[in-house]
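To start, the structure under review is shown below, and the notes come after it.
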Number of protein chains: 2
Amino acid sequence: MTDIRQRLARNVARLRKEAGWSQEAFADHAGIHRTYISDIERGARNPTIEVVDRIAKALRVKPGALLD
Amino acid sequence: MTDIRQRLARNVARLRKEAGWSQEAFADHAGIHRTYISDIERGARNPTIEVVDRIAKALRVKPGALLD
DNA sequence: TTGTGACTACGAGTCCGTC
DNA sequence: GGACGGACTCGTAGTCACA
């Protein structure tokens, strides 16, 4: 149910850290608000695929890689 | 921008047909409204990841496979 | 540097139809 | 069977102040 959110949360947090970004620096880079990234990394939001796509582009991965 | 919608649209339509479902039968099976499936297959909507997850489960594929 | 509650505007998601 | 429209509810997008 919400486990898709948790998978997204873990993948974003992991890949962001691997790339050496803080949440704030990454948020700027992705063109998304800082607190929104925070919410996503906690699984507190149910974002749309367009938001996932923007995050994926900022992380240079395929959008599907964030959900699996 | 909307190409993520088009990728989802094509993948859902293709996999649904391969499974031999009509839009309506598939919508019932996935627990989503029939008009919403129609909209998604036309790239007219920007669904949330929870909807993508429900569609993926109904198609027995990974959610990521619908976005790539 | 990140978490969290609260807020408004707008779009996700549902349901009624018709073609 | 599927595209498309109108109308509706409620949740998401996006932001802020503060912890």
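All heavy atoms count here, side chains included; hydrogens, waters and symmetry mates do not. Sequence lines set the chain letters: A, B, ... in the order given, protein chains first and strands last, and positions in each chain run from 1.
Checking C/dG13, D/dA3, D/dG1 against the side-chain heavy atoms of B/V51 singles out C/dG13 as nearest. Comparing D/dA3, C/dT2, D/dC16 by their nearest atom to the side chain of A/H33 picks out D/dC16. Of the candidate nucleotides C/dA12, D/dG14, D/dG1, C/dA12 has the atom lying nearest to any side-chain atom of B/N46. The listed nucleotides are D/dT12, D/dT15, C/dG13; the one nearest the side chain of A/T35 is D/dT15. Here the nucleotide nearest the side chain of B/R42, chosen from D/dT15, C/dG13, D/dC4, is D/dC4.
Between C/dG13 and B/Y36, a contact under 4.0 Å exists linking OP1 or OP2 to a side-chain N or O. Taking 4.0 angstrom as the limit, A/R34 places none of its side-chain polar atoms (N or O) nearer than this to OP1 or OP2 of D/dA17. The shortest distance between the side-chain N/O atoms of A/R54 and the OP1/OP2 oxygens of D/dG14 is below 4.0 Å.
Protein atom CG of B/D39 is 12 Å distant from nucleotide atom C1' of C/dC15, rounded to whole Å.
To the nearest 0.5 Å, atom CD1 of residue B/I4 and atom CZ of residue B/R7 are 4.0 Å apart.
Across all strands, A/S38 comes closer than 4.0 Å to base atoms (heavy-atom distances). If you check every strand for non-hydrogen atoms under 4.0 Å, A/I32 touches nothing.
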